[in-house]
Amino acid sequence: MGLSFRLAAVKEQIKKKKVPQGGARRRSRRIVLLKKLDSKSCGFEKIPEDIFMDILARLPAKLVTRLKCVSKLWSNIISSRSFTNLFLKTPSPRRLCAYIMNEEKQSEFALLSSSPDPYSCRSVSLLDQDIKMQGIGGYIVNALRGLVCFRIGTRLQICNLTTKQHVELPMITSTNIIFREDDGNPWNYFGHDSVNDEYKVLSIVWEVGEEERVLKSEHQVLVLGPGAYWRNTQSTIPPPPHCPYTQGFSINGVLYYGAWFGKNRSVSVVMSFDFASEEFTVIKLPVDEASPNLMIYGGKLAVFYYSTKSLASDGSVDLWIMEDARKCIWSNKKSLVLPISKMYFVSFYHMRMQGTSRSSEVRLTYAKFMRDQPIHVVTYDLERNKMTRRVEISPLRYRFGVTKCLHMDFWEDIETVVYLET
């Protein structure tokens, strides 16, 4: 009914609208293209291609994917890069996703989501929807533009949770480094090159010598698409040997992640990687800590530090904001106090705080999760000094065996019609 109403409205507008003289040839070509959809007249032949794509972009992703079966022409339009980008830009319901894995047995996991409800103003999100998908598992590298990257050992998978499609990437090979998987090798990041409109995976392997010193590291990139393969990055100046230790955050096509140098991994820095130029940059930290936390604050990279003791006692957090990445200029320290006592936690000890992909937001929860207890997570906006969301997950005793260690990742998922090819 909704689609029929839109089509009727569009047809009426086209009757009243005159084609400009300069654009007659371009618009005529689009109309002829759509005439081939059916030999019989059904009204579609009068809809310009750009309006036709705009109508499709307002439909649910699962329905759009099924419409590829109508004809080869429809399939080409829906699979085109211009349409997939248009679909991502069209406002659509978002859902909060959680991936919970048994670190002692990675084949045991739960993939949950909240119900996508654009009209809901509830401050509490219940993650009670199961996402069934075969062939996935391991650790989550990160989620991006509706796609999720998983790592199982040295194998990588890219998944579209909307269409339930997933592809396995070629195995990572290294000719110069013999790496140990038990040392965290390899480490991966999944990002988007907005200049060339390409999805890329960055892989880093390193070799450790005496005194835990990083002797050398190797950096490879895979561009997602037909015939995908690993190659060395195109950086003009190779980065110094380093070992990554944090998940990454992308800002305007630039990836930021924490890394260690030196013996016993004593020197901590921030590394940046431009997905377009594939250049690395070393950024010195504003605080001398072994492993500070990264986040996005006001659209900029930020570093925050807290101790579990200070967080539990008075909710104090220290924050530094990157003012100029090229000159390594950070803002002065900002000391914040979070209202921990009002965040519905039973105990304020053994808590952890991590950055999110949303600007200025951090996520607070317990450092360890028990399968026989409900899981509570709070999202807090440091810039607005406001709690923005509470998440509740029912006990997971029936999903996991006896375990003391559950690993959890959260992200906001959006629908996408991207078709994955390798």
Side-chain angles (χ1 to χ4, degrees), residues 99 101 103 106-107 109 133-145 147-160 165-193 196 198-209 212-250 253-261 265 271-280 407 409 418 420-422:
Y99 177 75
M101 182 196 66
E103 288 191 304
Q106 296 184 17
S107 60
F109 64 87
M133 192 164 180
Q134 299 293 327
I136 63 173
Y139 287 91
I140 283 187
V141 174
N142 60 290
L144 177 77
R145 292 161 61 95
L147 302 178
V148 186
C149 182
F150 289 88
R151 178 172 65 87
I152 308 174
T154 58
R155 295 186 297 113
L156 290 171
Q157 292 179 329
I158 307 293
C159 306
N160 184 333
Q165 184 202 5
H166 67 91
V167 296
E168 186 166 323
L169 303 185
M171 291 287 290
I172 302 167
T173 59
S174 175
T175 57
N176 301 317
I177 293 180
I178 301 175
F179 59 85
R180 308 194 317 261
E181 290 186 35
D182 59 352
D183 194 35
N185 268 300
W187 202 280
N188 310 101
Y189 297 102
F190 177 48
H192 181 252
D193 172 2
N196 302 302
E198 295 176 328
Y199 291 96
K200 293 182 178 180
V201 181
L202 171 66
S203 176
I204 303 174
V205 295
W206 60 93
E207 185 177 327
V208 178
E212 288 298 307
R213 183 186 298 274
V214 182
L215 301 178
K216 51 185 175 180
S217 57
E218 190 174 272
H219 321 91
Q220 298 186 62
V221 161
L222 179 143
V223 179
L224 197 62
Y229 63 95
W230 293 100
R231 59 167 173 80
N232 292 331
T233 59
Q234 298 174 345
S235 52
T236 55
I237 302 176
H242 64 276
C243 165
Y245 69 86
T246 70
Q247 287 186 314
F249 291 98
S250 291
V254 178
L255 169 73
Y256 298 93
Y257 61 93
W260 283 313
F261 293 160
R265 304 180 182 183
M271 297 294 300
S272 73
F273 176 75
D274 190 315
F275 277 107
S277 66
E278 301 185 8
E279 295 287 354
F280 289 89
H407 177 83
D409 288 287
V418 170
L420 301 171
E421 295 180 287
T422 55

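Since the model is a prediction, treat every value here as computed from it, not as a measurement. We number each residue from 1, following the sequence as shown.
Counting only distance, with no hydrogens or angles, the side chain of R151 and the backbone of G153 share a donor-acceptor pair below 3.5 Å. Remark: the backbone N or O of Q134 is paired with a side-chain donor or acceptor of H166 at under 3.5 angstrom. In this structure, the side chain of W260 does not engage the main chain of Y245 through any donor-acceptor pair within 3.5 Å. Proximity of a side-chain donor or acceptor of N142 to a complementary backbone N or O of F190 within less than 3.5 Å is detected.
Closest heavy-atom contact between P241 and S217: CA-OG, 3.3 Å. Among all heavy-atom pairs drawn from G137 and Q157, the shortest one is N-OE1, 4.4 Å. Residue C149 comes nearest to L156 through the heavy atom pair SG-CD2, 4.2 Å, listed as atom of the first residue, atom of the second, then distance. Closest of all the heavy-atom pairs between K200 and E278 is NZ-OE2, 3.0 Å. Across every non-hydrogen atom of M101 and G138, the tightest pair is SD-O, 3.0 Å. Smallest separation of non-hydrogen atoms from T233 and V221: CG2-CG2, 3.5 Å.
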Please assess V418 against R145 for the test side-chain contact (heavy atoms from CB on, under 4.5 Å), listing each intermediate value before the final yes or no. CA-CA 9 Å; V418 170; R145 292 161 61 95; over 6 Å; no
Are N188 and I172 close enough, and set up right, to give a side-chain contact (heavy atoms from CB on, under 4.5 Å), and what steps lead you there? CA-CA 10 Å; N188 310 101; I172 302 167; 3.6 Å; yes
Does the side-chain contact (heavy atoms from CB on, under 4.5 Å) test come out yes or no for Q106 and Y139, once each step is laid out? CA-CA 8 Å; Q106 296 184 17; Y139 287 91; 3.3 Å; yes
Take I204 and H242 through the test side-chain contact (heavy atoms from CB on, under 4.5 Å) and record every step on the way to the result. CA-CA 9 Å; I204 303 174; H242 64 276; 4.0 Å; yes
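Taking 4.5 Å as the limit, every side-chain heavy atom of L224 sits out of range of all side-chain heavy atoms of E198. Annotation: side chain of V208 is not in contact with side chain of C243 (no heavy-atom distance under 4.5 Å). Residues V141 and V201 fail the side-chain proximity criterion, which asks for heavy atoms closer than 4.5 Å.
With rounding to the nearest 0.5 angstrom, the CG atom of D409 is 13.0 Å from the CZ atom of F109. E168 CD to F150 CZ: the interatomic distance, rounded to the nearest 0.5 Å, is 13.0 Å. Here Y99 contributes atom OH and H407 contributes atom NE2; the two are 8.5 Å apart, rounded to the nearest 0.5 Å. Within the model, atoms CG of D274 and OG of S235 stand 11.0 Å from one another, a figure rounded to the nearest 0.5 Å. N160 CG to Q165 CD: the interatomic distance, rounded to the nearest 0.5 Å, is 6.5 Å. The distance from the CG atom of D193 to the CZ atom of F275 is 9.0 Å, given to the nearest 0.5 Å.
Y189 and Y257 have their aromatic ring centers within a separation under 6.0 angstrom.
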